[in-house]
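Have a look at the structure below, then the notes.
The sequence lines fix the lettering, A, B, ..., with proteins before strands; numbering per chain opens at 1.
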Amino acid sequence: MTHRQILKLPHIELTGDDSETNILHVDMDAFFASVELKDRPELRGTPVIVGHSGGRGVVTSATYEARKFGIHAAMSMSEALRKCPGATVIEPSHEKYEEVSNRLQDIYYSMTPLVEPLSVDEAFLDVSGSRKLLGTPTEIGHKLREKVFQEENITCSVGIAPTKFIAKLASTRAKPDGLLVVSPEEVIAFLHPLPVGALWGVGGKTEEVLARLGLFKVSDIANLPLNTLRRALGDGLAEHLHELSWGRDERSVEPYEPEKSIGNEETFSKDLDQAADILREVLRLSEKVATRLRAAELMGRTIVLKVRFANFSTITRSKTITDPIDGTKDIYAITKTLFENLKLDRVRVRLVGVRVEKLEEAETASRQLLLGESEKGWREIDKASDKASARFGDDAVKPARLID
DNA sequence: TCTGGGGTCCTAGGACCC
DNA sequence: TCTGGGGTCCTAGGACCC
């Protein structure tokens, strides 16, 4: 992800390759649970669920033993606990996951500089330039799985194909603990029998629409006249799905994608209905987001407030300003106004979120800004606060209202 | 059965400018 | 006085992904 990591591998040739099967998709098996099990080997072989156990929440990850009971990620905790009452529940420890994720990335970069991380536990690799040094993509895939298991005690699955989309489907099919190569000639035979939900961009809603049209398999989409699909789904999605259904996917592995937004949100353990209580959370989130912005040396122009009510309906309100900001005070001033403009009167609020979009690099942004004296003062305070947080932990410096 | 938290992308309407 | 489109930006919502 960083230049440092890319520069570690100057010896890898990027000359391309005549073979068309160079894209690897790597996906850890039950990542969160696997990381936790490394520290708690006594739980190996028993059902383990990683997720938020406090009433609300969903399963983040489950071991294979838990899966035998039909427990999957993205299932509510209460449902999971009902299915598997004996399972050990572990609260997620996100910092640990980040550390492991960074080490996994180092392993990817030892195979090729063309790495596109998708999430903490997943990545695309383009190994077209690595053949001379490391062997065929299949050999590289085996090495990768071996290394990940040796160093992190995590099994993973690897899909190898001519395109990102097919590589991802292949790794899913290979799960758990497997490797699958889909050559260009095999793509259609592999793809067409799959359910429509396998296509990138088909979720629950789209699946319903397609089912009403009698479309259940990828081949159904492929053989439908494009115009019929357009009328059902709109031009954009229809054309996208039609391309994918024929295995066409032009996207290349992009080693660096700049961040487009930074945000945090929180679901309360109990709904809040007092404006003062809600605003305190909005301030806390504004601070969190501002700190992350400054750490990433980014500033943003659009500030978004998200509010979810007790009935789960959700709204967003946003404000775009001319000059980008990264200060806690500036962000809070806007989120506070957005909240007050809602004119909620004792409405039960379940979640609030703060997000900053339209990001620019802070250096470029601030060079164009002529800062007044008071703004300069606040920048100094934010900087000092960031330093203290880095030294003493996040709780060291907080806006006065957050200190109980 | 009640639904976490981090994101990206698309659509549609309205304002505004030319 | 009434009337075009096209382009761009902003806002809100929603689908989707991991």
Side-chain angles (χ1 to χ4, degrees), chain A residues 25-32 49-61 70-83 91-92 94 97-98 101 116-124 164-165 168-169 171-172 175 196-210 230 233-241 244 251 254 257-269 271 285 288-289 292 296 301-322 334 338 341-342 350-359:
Chain A
H25 180 259
V26 197
D27 199 341
M28 301 303 121
D29 300 327
F31 178 64
F32 302 108
I49 297 170
V50 177
H52 304 276
S53 59
R56 295 173 167 175
V58 296
V59 176
T60 306
S61 187
I71 290 169
H72 309 282
M75 170 183 279
S76 78
M77 282 301 293
S78 47
E79 199 178 349
L81 291 172
R82 214 176 318 112
K83 283 195 176 162
E91 286 287 325
H94 294 282
Y97 307 143
E98 286 298 326
S101 182
E116 178 182 335
L118 264 192
S119 68
V120 276
D121 71 327
E122 238 182 288
F124 286 113
K164 278 162 80 165
F165 170 55
K168 167 116 173 113
L169 288 181
S171 74
T172 304
K175 274 185 171 300
V196 288
L199 295 172
W200 261 71
V202 178
K205 302 285 174 182
T206 309
E207 207 166 5
E208 270 177 39
V209 174
L210 294 172
R230 283 202 182 103
L233 301 175
D235 291 357
L237 189 55
E239 281 156 32
H240 167 74
L241 296 185
L244 289 185
R251 299 168 305 162
E254 299 290 343
E257 285 287 318
E259 282 172 295
K260 299 201 168 69
S261 73
I262 288 182
N264 287 99
E265 59 186 57
E266 197 189 345
T267 299
F268 310 127
S269 49
D271 298 337
L285 291 166
K288 209 167 165 183
V289 171
R292 288 178 60 200
R301 288 177 49 231
T302 300
I303 318 300
V304 188
L305 175 75
K306 173 171 167 179
V307 178
R308 174 168 291 155
F309 302 103
N311 68 1
F312 220 69
S313 66
T314 309
I315 60 167
T316 62
R317 291 293 180 269
S318 67
K319 176 77 186 161
T320 299
I321 52 178
T322 319
I334 294 173
L338 289 171
N341 287 347
L342 292 173
R350 183 185 177 133
L351 165 153
V352 289
V354 173
R355 176 166 296 279
V356 176
E357 303 174 348
K358 298 220 171 28
L359 302 183

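Looking at heavy-atom distances under 4.0 Å, G204(A) makes contact with sugar-phosphate atoms alone, never a base. Within the 4.0 angstrom heavy-atom criterion, only backbone atoms of the sugar-phosphate kind lie near L199(A); the bases stay farther away. Using a 4.0 Å heavy-atom cutoff across all strands shown, K306(A) reaches no nucleic acid atom at all. R301(A) comes within 4.0 angstrom of the backbone, heavy atoms only, and of no base. Residue T302(A) is out of contact with every strand shown, counting any heavy-atom pair closer than 4.0 Å. Using a 4.0 Å heavy-atom criterion, one finds that G263(A) contacts the sugar-phosphate atoms exclusively. Residue V120(A) is classed as having no contact, given no heavy-atom separation below 4.0 Å to the nucleic acid.
Scanning for side chain to side chain contact (heavy atoms under 4.5 Å, CB included) contacts around R82(A) gives S78(A), E79(A), with sequence neighbours left out. With sequence neighbours excluded, the residues satisfying side chain to side chain contact (heavy atoms under 4.5 Å, CB included) with V120(A) are F31(A), F32(A), E98(A), S101(A). Every residue two or more places apart in sequence or in another chain that forms a side-chain hydrogen bond (donor to acceptor under 3.5 Å, both in side chains) with K175(A) is listed here: D29(A). Scanning for side-chain hydrogen bond (donor to acceptor under 3.5 Å, both in side chains) contacts around S119(A) gives D121(A), with sequence neighbours left out. Scanning for side-chain hydrogen bond (donor to acceptor under 3.5 Å, both in side chains) contacts around R350(A) gives an empty result, with sequence neighbours left out. A search for ring-ring contact (aromatic ring centres under 6.0 Å, His included) contacts involving H72(A) returns nothing, not counting sequence neighbours. For A198(A), the side chain to side chain contact (heavy atoms under 4.5 Å, CB included) partners at least two apart in sequence or on another chain are L169(A), L194(A). Among residues two or more places apart in sequence or in another chain, the side-chain hydrogen bond (donor to acceptor under 3.5 Å, both in side chains) test is passed with S313(A) by N311(A). Every residue was checked against the salt bridge (Lys or Arg N to Asp or Glu O under 4.0 Å) condition with E259(A), not counting sequence neighbours, and none meets it.
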Only Watson-Crick and G-U wobble pairs with both distances less than 3.5 Å should count. Give DNA chain B in dot-bracket notation, marking inter-strand partners with |. ....||||||||||||||
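Summarising the geometry, the separation between CD on E265(A) and P on dT3(B) is reported as 15 Å, rounded to the nearest angstrom. Rounded to whole Å, the distance from CZ on F312(A) to C1' on dG5(B) is 11 Å. Rounded to whole Å, atom P of dT8(B) lies 17 Å from atom NE2 of H240(A). Here the C1' atom of nucleotide dT3(B) and the CG atom of L81(A) are 14 Å apart, to the nearest Å. Per the geometry, CD belonging to E257(A) stands 10 Å off P belonging to dT8(B), to the nearest Å. Remark: C1' of dT8(B) and CD of E357(A) are 10 Å apart, rounded to the nearest angstrom. The interatomic distance linking K358(A) (NZ) with dG7(B) (P) rounds to 17 Å, in whole Å. E122(A) has its CD atom 14 Å from the C1' atom of dG6(B), to the nearest Å.
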Polar atom pairs (N or O), protein with nucleotides 13-18 of chain B, under 3.5 Å:
none

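Between D235(A) and R292(A), the one whose closest nucleotide on DNA chain B sits nearer the 5' end is R292(A). In terms of position along DNA chain B, the nucleotide closest to E79(A) lies nearer the 5' end than the nucleotide closest to the other residue of the pair K288(A) and E79(A).
Under 3.5 Å, the side chains of T267(A) and R56(A) contain no donor-acceptor pair of N or O atoms.
Contact annotation: R355(A) does not reach the phosphate of dG6(B) (side-chain N/O to OP1 or OP2, under 4.0 Å). OP1 or OP2 of dG5(B) sits under 4.0 Å from a side-chain N or O of T267(A).
Taking every side-chain heavy atom of N264(A) into account, dG6(B) is the closest of dG5(B), dT3(B), dG6(B). The side chain of S261(A) sits closest to dG7(B) out of dG7(B), dG5(B), dC10(C). In the set dC2(B), dT3(B), dG7(B), dC2(B) carries the atom at the smallest distance from any side-chain atom of R82(A). Nearest to the side-chain atoms of S78(A) among the listed nucleotides dG4(B), dT8(B), dT1(B) stands dT1(B).
Separation of the P atoms belonging to dC2(B) and dC18(C) is 26 Å when rounded to the nearest angstrom.
A syn base is found at dC2(B): its glycosidic angle is within 90° of 0.
The existence of a salt bridge linking E265(A) and R308(A) is excluded, since no basic side-chain nitrogen approaches an acidic carboxylate oxygen closer than 4.0 Å.
Put simply, the side chain of R292(A) gets close to the backbone of G263(A): a donor and an acceptor are under 3.5 Å apart.
Across residues 315-322 of chain A, I315(A), T316(A), R317(A), S318(A), K319(A), T320(A) each have a non-hydrogen atom less than 4.0 Å from an atom of DNA chain C (numbered order).
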